[in-house]
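Have a look at the structure below, then the notes.
The structure displayed is predicted, hence computed values, not measured ones.
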Amino acid sequence: MPKFVPATVHELQRVGLLAELPGETLLKLGERMRREEVPAGGAVVEEGDDGDRFYVVLSGIFSVSQTSLGPRSVLRPGDYFGEVALAMDVPRTASVRALTPATVASCDRAAFDEFIRPLFA
């Protein structure tokens, strides 16, 4: 099991959605986020799976695709994904794979509900 490394306030401030949160809130959120290294070609989420985490891209490039529609978009540092499954309580609506070696940070549903869901209200 890799060592738990929280996301830093500096990293989270680069995510447009989170940039308006106060530093103290970002610090608390960062402490509840876990960082993951993803090899090129590695899948972070698969379409149809249960969604239980929200992700932000810290480094690298990801492709977003849907079985029925093919490639949909590209995610870069500062982008986020996983909010649809959590906010709407539905299975993952797309697959996200790393195109390059990459790093994400993610939080669980409880942290999403506390810190991030209100940003979509």
Side-chain angles (χ1 to χ4, degrees):
M1 183 87 183
K3 180 165 83 68
F4 176 82
V5 182
T8 67
V9 169
H10 178 72
E11 287 170 329
L12 296 179
Q13 280 174 330
R14 293 176 52 204
V15 178
L17 174 71
L18 306 178
E20 293 175 30
L21 290 173
E24 193 177 312
T25 304
L26 285 174
L27 189 64
K28 287 181 190 158
L29 175 59
E31 287 169 354
R32 290 177 58 184
M33 294 191 92
R34 72 172 187 224
R35 181 188 309 259
E36 272 174 80
E37 303 296 326
V38 186
V44 182
V45 300
E46 293 281 359
E47 184 176 354
D49 286 356
D50 285 339
D52 61 352
R53 300 190 75 76
F54 170 81
Y55 295 87
V56 297
V57 180
L58 299 180
S59 69
I61 299 175
F62 292 85
S63 70
V64 180
S65 62
Q66 292 176 300
T67 307
S68 57
L69 300 166
R72 304 301 297 151
S73 62
V74 172
L75 300 174
R76 294 182 168 81
D79 290 333
Y80 59 88
F81 60 95
E83 76 286 357
V84 174
L86 288 172
M88 301 177 74
D89 210 19
V90 296
R92 295 290 184 198
T93 56
S95 296
V96 178
R97 287 187 178 279
L99 295 173
T100 65
T103 308
V104 295
S106 67
C107 66
D108 62 14
R109 183 180 295 272
F112 176 84
D113 286 345
E114 183 176 343
F115 297 106
I116 297 162
R117 185 187 292 270
L119 300 174
F120 290 104

Any chance you could lay out the side-chain contact (heavy atoms from CB on, under 4.5 Å) test for Ser65 and Arg97, step after step, and finish with the verdict?
-> CA-CA 8 Å; Ser65 62; Arg97 287 187 178 279; over 6 Å; no
Shortest non-hydrogen contact from Phe62 to Ala102?
-> CZ-CB, 3.4 Å
Counting distance only, does the side-chain N/O of Arg109 pair as donor-acceptor with the main-chain N or O of Gly51 below 3.5 Å?
-> yes
CD of Glu37 to OG1 of Thr103, rounded to nearest 0.5 Å, is 3.5 Å
Dump the intermediate steps for side-chain contact (heavy atoms from CB on, under 4.5 Å) on Val45 and Phe81, then the final yes or no.
-> CA-CA 9 Å; Val45 300; Phe81 60 95; 4.3 Å; yes
Could you tell me which non-hydrogen atom of Thr100 sits nearest to which non-hydrogen atom of Gly60, and how far apart they are?
-> OG1-CA, 3.3 Å
The reported gap from CD in Glu31 to SG in Cys107 (rounded to nearest 0.5 angstrom) is 13.0 Å
At their closest point, which heavy atom of Thr67 faces which heavy atom of Glu47, and how far apart are they?
-> N-OE1, 2.7 Å
Single-linkage hydrophobic cluster, 4.5 Å side-chain cutoff, Val104 and Leu17 together = no
Return yes if some donor-acceptor pair links the side-chain N/O of Arg117 with the main-chain N/O of Leu86 below 3.5 Å, else return no.
-> yes
Stepwise, does the side-chain contact (heavy atoms from CB on, under 4.5 Å) test hold for Leu12 with Met33?
-> CA-CA 10 Å; Leu12 296 179; Met33 294 191 92; 3.6 Å; yes
Show your reasoning for whether side-chain contact (heavy atoms from CB on, under 4.5 Å) applies to Leu21 and Lys28.
-> CA-CA 11 Å; Leu21 290 173; Lys28 287 181 190 158; over 6 Å; no
Is Asp79 reaching over with its side chain to a backbone N or O of Arg76, donor-acceptor style, under 3.5 angstrom?
-> yes
Below 4.0 angstrom, N of the basic side chain to O of the carboxylate: do Arg32 and Glu114 qualify?
-> yes
Over all heavy atoms of both residues, which pair between Ile116 and Leu18 is shortest? Give the atoms and the distance, please.
-> CG1-CD2, 4.0 Å
Grouping ILVMFWY residues whenever side-chain heavy atoms fall under 4.5 Å, the cluster of Val90 otherwise contains Val84, Met88
Joint cluster assignment, Val56 & Val74, ILVMFWY side-chain distance < 4.5 Å | no
Shared ILVMFWY cluster between Val64 and Leu99, side chains joined below 4.5 angstrom?
-> no
Joint hydrophobic cluster, Val15 plus Val57, side-chain heavy atoms closer than 4.5 Å | no
Looking at Leu75 and Val96, what are the two nearest heavy atoms and their distance?
-> CD1-CG1, 4.2 Å
Does Leu58 belong to the same Ile/Leu/Val/Met/Phe/Trp/Tyr cluster as Val44, with side-chain heavy atoms less than 4.5 Å apart forming each link?
-> no
Phe54 vs Tyr80 aromatic rings, parallel, tilted or perpendicular, using cut-offs 30° and 60°?
-> tilted
Hey, could you give me the CG/CD distance between Leu26 and Glu11, rounded to the nearest 0.5 Å?
-> 11.5 Å
Which atom pair, heavy atoms only, marks the closest approach of Pro91 to Gly48?
-> CB-O, 3.5 Å
Roughly how far, to the nearest 0.5 Å, is the CG atom of Asp108 from the CZ atom of Arg34?
-> 8.5 Å
